[in-house]
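For reference, the structure is listed below as structure tokens.
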Amino acid sequence: MNNAVGADLPAGTRAVEENIEESQLRAAERAGMTEIATAEFEKEQGHTSSSSSSQSVSEDDHLKKLDSKIIKIRDALEGDAAFAHLPEHERAILKRQLDTPDVKVSFITLFRYASMWDIIIFYVAALCSIAAGAALPLMTVIFGNLTGVFQQRISETISREEFDSTLVDYVLYFVYLAIGEFFTTYIGTVGSIYVGEHVTAKLREEYLKAILRQNIAFFDKLGAGEVTTRITADTNLVQDAISEKISLTLFGVSTFVTAFVIGFIKSWKLTLICASTVVAITLTMGIGSKFLIAWGRKSLASYALGGSVAEEVLGSIRNATAFGTQDKLALKYDKHLIEAQKWGWRVKGALGVMLGLMFLFIYWNYGLAFWQGSRFLVNGEIDLAAILTIILSIIIGAFSLGNVAPNGQAFTSGISAGAKIYSTIDRLSPLDPSSETGEILDSMEGRVELRDVKLIYPSRPEVVVMSNVNLLIPGGKTTALVGASGSGKSTIVSLVERFYDPVGGGVYLDGVNIENLNLRWLRQQISLVQQEPVLFSTTIRDNIGHGLIGSRFENESKEQQAERIMNAAKQANAHDFITNLPEGYETNVGERGFLLSGGQKQRIAIARAIVSDPKILLLDEATSALDTKSEGVVQAALDAASQGRTTIVIAHRLSTIKSADNIVVMSEGRIIEQGTHDDLLERESAYYNLVNAQQIGDRNQQDAEDDEKAALIEEELTRIHTSRKASAAPEDEKLALGRTNTSKSISSQVLEKRGSDKGKHYSLLGLIRFIASFNRKEWYYMALGLFFSIINGGGQPAQGILFAKSIVALTQPLEFRDRLRSDINFWALMYLMLGLVNMLAMVILQVSFASCSERLIRRARDVAFRAMLRQDISFFDKEENSSGKLSAFLSTEATHLAAISGATLGTILSCITTLVGACVISLAVGWKLALVCISTIPVLLGCGFFRFWILARYQGRSKRSYESSASYACENTNAIRTVASLTREQDVHNHYHSQLVLQGKKSLISVTKSSSLYAASQSFVLLCSALGFWYGGTLIGRGEYNLWQFLNCYTQIIFGAQSAGTIFSFAGDMSKAKNAANELRTLVDLKPSIDHWSTDGEQVTHVDGTIEFRDVHFRYPTRAEVPVLRGLNITVRPGQYVALVGASGCGKSTTIALMERFYDPLAGGVYVDGKEISSLNLGQYRSFLALVSQEPTLYQGTIKENILLGADRDDTPDEQIIQACKDANIYNFIMSLPDGFETEVGSKAALLSGGQKQRLAIARALLRDPKILLLDEATSALDSESEKVVQAALDAAARGRTTIAVAHRLSTIQKADVIYVIDRGVVAESGTHAELMALKGRYRELVQLQSLEKKH
């Protein structure tokens, strides 16, 4: 038989060899030839297998399949090309479920959600900002007129008294301007920040609302962290663009326009000539901003991808810790950061070039104005006062435009971010749960029918998942679906919930096509319990109460609802464990319910499903995470709950569906057979084989059948087992062994000592040093940037000298016109030179700092992510360290850090240089006037400092609030299927809304305080001018100073003071940076008690595999009142296969967590080969362990990359990968995929079934070749057929290894060497299966509960 290389061929074209007919396959199954049977039976989600039987193909052929040279990585087809092979109507249905509009966003679009009041406040604020901006150029008119008065006084054409009186009048004008400036600036700033916050809050809300109404296919394409990035980082960028930056920009533009209006009034010709600068600046900005927007988008897109990786990793931290894959995953994250760094550098570099050109044009404009003005003056077309007013107003106007330029980046980033947010908001969801359209049935029987259904997942258009399925599910009856992983069982649930639309046929409810029904109403009639139940981070009462949303009980009184919730919990066998918790129904379950065991979560999910008394109940593996005892009670409850309503049950554990009215057996998207339990057993076909595979208890009847198979696995020592994910919680301290083991007082002592971990606070200097350390490698760029910042800062004092000299040249009598023109020509050329030097300095410093700040952001993110991955599991159990909050920290805080580096640092240095230069020059020229002006600078700096201090104080509070609302949004969008099935969309939106409103109120108080100081710092510029003029005028009046001394001192200090003011316009950014640096430093300095970075501990080069738990006591500090282990003693000898069984919450998975050293025991100790594991080197110790947990974790990337995460070394040969996959019974499936090992698994591995994910996780574990294998419910997600083969593979894998398995499904562990029955944290019974059966104790009771004997 020629075997096709699956990697090179389209899916479905090379199926099982043509000569294996279906009848032969059935015969093969009955004969128990599992290798051949599963090759066909486990074809997943419509994929057909590319190999026939592994027995018929030589090992070499198999190896060739995976040879890296043979595998071709296909480029995933994008857009229309992916659907090209489909008929037109199917293509339309699939595209409709994925299409996202390409939204063109302008700046005005960002205000789409402004209310009428917002618009009114915005206009008032805008008018005030414009008025504030106009005040500065009006000063030039006073200046021009005063200069005329000074000229008259120097030439003694007016008396001293007249001069003094005029001087006082003009100085008072300055004071009036200053008062007006204060109030207009204050109203402008507060108004624009308020509107920005308010509009952004609405935008956040609308985005979440839009996300919640999207269809499920939209999320299949979306990365896990993408929503987090949008709702945190991107909305912040929009807020930045529409808040105080607008008032600052309007202020600058108004100054500019007013300046030119005054100029045109004084001399239109000269002003028009100078206006050429504006054209040059505008063109530069226009061309540059196109590049900025395009590159900004690319940078944001790279960060979003990185965010997805981070969110996935942080959401499955136990897996990363167990496998020691932190470094590999951090490198994966870093790959996206490097890409974002490249585009970020381009954005900032381009901005530097634009700024450099702008300064060039401004300085050249001075030269041009003096040169041309002198010609008009000589020709008698203009007087000195007009030239001064024009030149001064153009200086002020041009500089105000310079201050506007840096805001350009905020606006372009805001528009880029807005485009992504609006494309989701404007997307019309084809399956919109918020829509009011569609029919609502008056009465409902609950009959569900699938007619000729054909389904293709929109995210994988090349695979037909279900083809021509016809199925009648009678109303009020229970229908069970069984079959292999990926056979299409869960797909039926998705179709009934209308998560997807079929491309052919239809789903009917009581004879009406569900496409014609109102979607929200439809989902309100249905309750769904999923295999991996999702609980929300709120109380148990609220979680169960979510089931009442949209039901007829929704508007009942609180008391009635509380009673319903309690009854539902009793029915689901959850009431007892809930009441045993310290806070009962008010216990917070933590993010994704991590504070509860799998079984406890599952029972709460069942209570949530039945509380609303739904017409249709969908149970997708509803009892998979329960132990036998709970399962029995819950199953009875579900059977009772199923009476009188339509129930669709999906089960791998067949004991749960014996009593179903109809059992449907599915394989590869088709129905093979259906009937009752008894009918199907009599047929001895597919169902019969599934039942046999799971039969446990007295196996005498089957011995003959099993002899042949038993021979294959006789030597294998072990069997696997599984249990719920550890209900993890923190533990920092470890008590020495030998302490008393009463547990209560010990635990209390340890937990009391821990205390609360308050955030540390570092000095500003310490934080600057810390941030500078990230740029240590770029010190030469930094030095270059700082050097050119000083050159750039010196431009302003130099310009002050040229300015005063030029004016003095113009005051010469007209009879010396040649000398006047010659002097002016010289100073104009000096301006030419100054412009060129300044441009060069600006470009070099901006490009240097761009390189530094982008690398800083990248390294800070990388360091923060690695620091998070370094923490022990207890860190992640705290509510403030949920994966959503940590992802938000990575996406937003790291970008804030750049405000202490790069361009901001350069600006501050430039301003300081300007200030120092101005003071030195003015003191040298005229010390009296200089000292008076300089005395005002501390006042300006004081105002700026207070603004910085107040913002820093309030920043922390506002950040925390947005973080929690972002985390809330992320938690719900990540569980979108659960939110959709519970029709919680409006509920989630209402909660989010109230969180944002609360934040808005807090923020407003902070803004009103800080803005008054900011406005004061702006208006003091005018008071400085008033003081300077008054004292300067007095000195001129006395004849002590000439015009050159006055002009030089005045221009130096006034422009110097304005430079000082701009330092503090960065105060907002710097306060964010300070907070971010403080948090990052705290995170980096946080040394976990269980530190996998540490090289301490005894070196581990070899492990035999002897494991002992000696009197281990443990409890979780998050629930310190509940002891988990109360003196556990277990001994495992090398190579033994030991199983742990018992009720949910008895401490089985905690045992696994302690073995992995996720936590240290409070008392007692865990020993491997006689050494306490806390004394061993952690990294080396864990390298001898492999963990397969109940909820398998795969990351975005290819199948091969995911399997390689299990490897201890980087150069793992392909043969080992192939062998691990074969051992885990996943190899044939992988080879059946179009791209083989290079197939992308998608976000959260959503493209694979539970069984497929679990087998990849097993392959990953086997690739490590561990000495100790830990199986925490490793086969819970597998169907019977796959489980049988995987179980045999794990038995083989366990040979020569010590294995500890946690299991609820007892058939998986009956061949274990020792079975420990754990009850309430201690061992109740132990022995082999036979010994424990003979004891007739708890174990036998559990076995009998799970028995699958045919009912009589």
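Between the side chain of Gln341 and the main chain of Leu337, no donor-acceptor pair closer than 3.5 Å is present. Put simply, the side chain of Gln525 gets close to the backbone of Trp521: a donor and an acceptor are under 3.5 Å apart. Without hydrogens or angle criteria, Ser891 side chain to Ala888 main chain gives a donor-acceptor distance under 3.5 Å. Between the Asn1202 side chain and the Thr1198 main chain, a donor and an acceptor come within less than 3.5 Å of each other. In this structure, the side chain of Gln999 does not engage the main chain of Gln995 through any donor-acceptor pair within 3.5 Å. At least one donor-acceptor pair closer than 3.5 Å links the side chain of Ser551 to the backbone N or O of Leu548. A donor-acceptor pair is defined here as one N or O able to donate and one able to accept, closer than 3.5 Å; such a pair exists between the side chain of Asn543 and the backbone of Phe536. With hydrogens and angles ignored, the 3.5 Å screen pairs a side-chain donor or acceptor of Gln561 with a backbone N or O of Glu554. Side-chain atoms of Ser243 do not come within 3.5 Å of backbone N or O of Asp240 as any donor-acceptor pair. Of the possible polar contacts, one joining the Ser887 side chain to the Ser883 backbone as a donor-acceptor pair under 3.5 Å is found.
In this structure, CG in Leu996 is found 10.0 Å from NE2 in His198, a value given to the nearest 0.5 Å.
Classification of Asp234 and Lys420 as a salt-bridged pair fails, no side-chain N sitting under 4.0 Å from a carboxylate O. Ion pair Arg520/Glu436 flagged as a salt bridge, since at least one NZ, NE, NH1 or NH2 atom sits closer than 4.0 Å to an Asp/Glu carboxylate oxygen. Ion pairing of Asp334 with Arg858 is present here, as a side-chain N (NZ or NE/NH1/NH2) and a carboxylate O approach within less than 4.0 Å. Of the charged side-chain nitrogens involved, at least one lies within less than 4.0 Å of a carboxylate oxygen, so that Glu206 and Lys209 count as a salt-bridged pair. Salt bridge annotation for Arg96-Asp501: present, with a cationic side-chain nitrogen under 4.0 angstrom from a carboxylate oxygen.
Counting only N and O atoms by type, the side chains of Glu197 and Gln239 include a donor and acceptor under 3.5 Å apart. The closest side-chain donor-acceptor pair between Asn236 and Thr892, if any, does not fall under 3.5 angstrom. Glu1079 and Asn1075 share no side-chain donor-acceptor pair at under 3.5 Å. Side-chain N/O atoms of Tyr968 and Ser537 include no donor and acceptor closer than 3.5 Å. Checked by atom type, the side-chain pair Arg861/Tyr303 shows a donor-acceptor distance below 3.5 Å. Using modelled atom types, one finds no donor on one side chain facing an acceptor on the other under 3.5 Å when comparing Ser423 with Thr100. In this model, no donor atom of one side chain and acceptor atom of the other lie less than 3.5 Å apart for Arg977 and Gln530. Ser981 and Arg523 share no side-chain donor-acceptor pair at under 3.5 Å. A donor-acceptor contact under 3.5 angstrom links the side chains of Thr109 and Ser106, judged on distance only. Donor-acceptor pairing under 3.5 Å is lacking for the side chains of Asp987 and Tyr992.
Taking all atoms of both residues into account, the shortest heavy-atom contact from Ala241 to Gly414 is CB-CA, 3.9 Å. Shortest non-hydrogen contact noted between Ala605 and Val529 is O-CG2, 4.0 Å. Across every non-hydrogen atom of Val105 and Ile415, the tightest pair is O-CG2, 3.3 Å. Asn215 and Pro430 get closest at one heavy-atom pair: OD1-CD, 3.5 Å. Closest non-hydrogen pair, Tyr500 versus Ile216, comes out as OH-CG2, 3.6 Å. Residue Ser302 comes nearest to Trp343 through the heavy atom pair OG-CD1, 4.2 Å, listed as atom of the first residue, atom of the second, then distance.
Counting heavy atoms from C-beta outward, Leu509 and Ile616 have side chains that approach closer than 4.5 Å. At least one side-chain heavy atom of Ile610 sits less than 4.5 Å from a side-chain heavy atom of Leu617. Residues Leu98 and Phe218 are not in side-chain contact: their nearest non-hydrogen atoms beyond the backbone lie 4.5 Å or more apart. At least one side-chain heavy atom of Glu515 sits under 4.5 Å from a side-chain heavy atom of Arg498. Taking 4.5 Å as the limit, some side-chain heavy atom of Ser882 sits within range of a side-chain heavy atom of Ser967. Looking at heavy atoms from C-beta onward, Ser115 lies in side-chain contact with Asp118 at the 4.5 angstrom threshold. Between Glu311 and Asn974, the closest side-chain pair of non-hydrogen atoms falls below 4.5 Å. You'll find the side chain of Tyr422 reaches within 4.5 Å of the side chain of Arg112, heavy atoms only.
By the 6.0 Å contact criterion, CG on Leu1004 is enclosed, its count of non-hydrogen atoms from other residues, nucleotides or ligands being greater than 12. Environment of NZ in Lys332: crowded, with over 12 heavy atoms of neighbouring residues, nucleotides or ligands closer than 6.0 Å.
Note on ring orientation: taking the six-membered ring where Trp is involved, the planes of Phe865 and Tyr333 are tilted (angle from 30° to 60°).
Phe122 has its ring centre less than 6.0 Å from the ring centre of Phe111.
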Begin from the C-alpha positions of Leu890 and Met868 and carry the test side chain to side chain contact (heavy atoms under 4.5 Å, CB included) through to its verdict.
-> CA-CA 10 Å; Leu890 287 171; Met868 286 170 189; 3.9 Å; yes
Apply the test side-chain hydrogen bond (donor to acceptor under 3.5 Å, both in side chains) to residues Thr491 and Tyr457: give CA-CA distance (whole Å), side-chain angles for both, the deciding distance (0.1 Å), then the verdict.
-> CA-CA 10 Å; Thr491 304; Tyr457 285 125; 3.0 Å; yes
What do the steps show when you test Ser429 against Arg213 for side-chain hydrogen bond (donor to acceptor under 3.5 Å, both in side chains), and what is the final call?
-> CA-CA 7 Å; Ser429 171; Arg213 69 164 182 264; over 6 Å; no
Trace of the side chain to side chain contact (heavy atoms under 4.5 Å, CB included) decision for Ile246 with Phe107 = CA-CA 11 Å; Ile246 288 189; Phe107 189 69; 3.6 Å; yes
Side chain to side chain contact (heavy atoms under 4.5 Å, CB included) evaluation trace for Leu982 with Ile549 | CA-CA 7 Å; Leu982 290 169; Ile549 293 169; 5.8 Å; no
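For the side-chain contact (heavy atoms from CB on, under 4.5 Å) with Ile242, the qualifying choice from Thr200, Ile193, Leu203, Val195 is Thr200, the only one to do so. Paired with Ile456 under the rule side-chain contact (heavy atoms from CB on, under 4.5 Å), one option of Val463, Leu86, Val465, Ile93 passes, and it is Leu86. Thr978 pairs with exactly one of Arg984, Arg608, His546 by the side-chain contact (heavy atoms from CB on, under 4.5 Å) rule, that one being Arg608.
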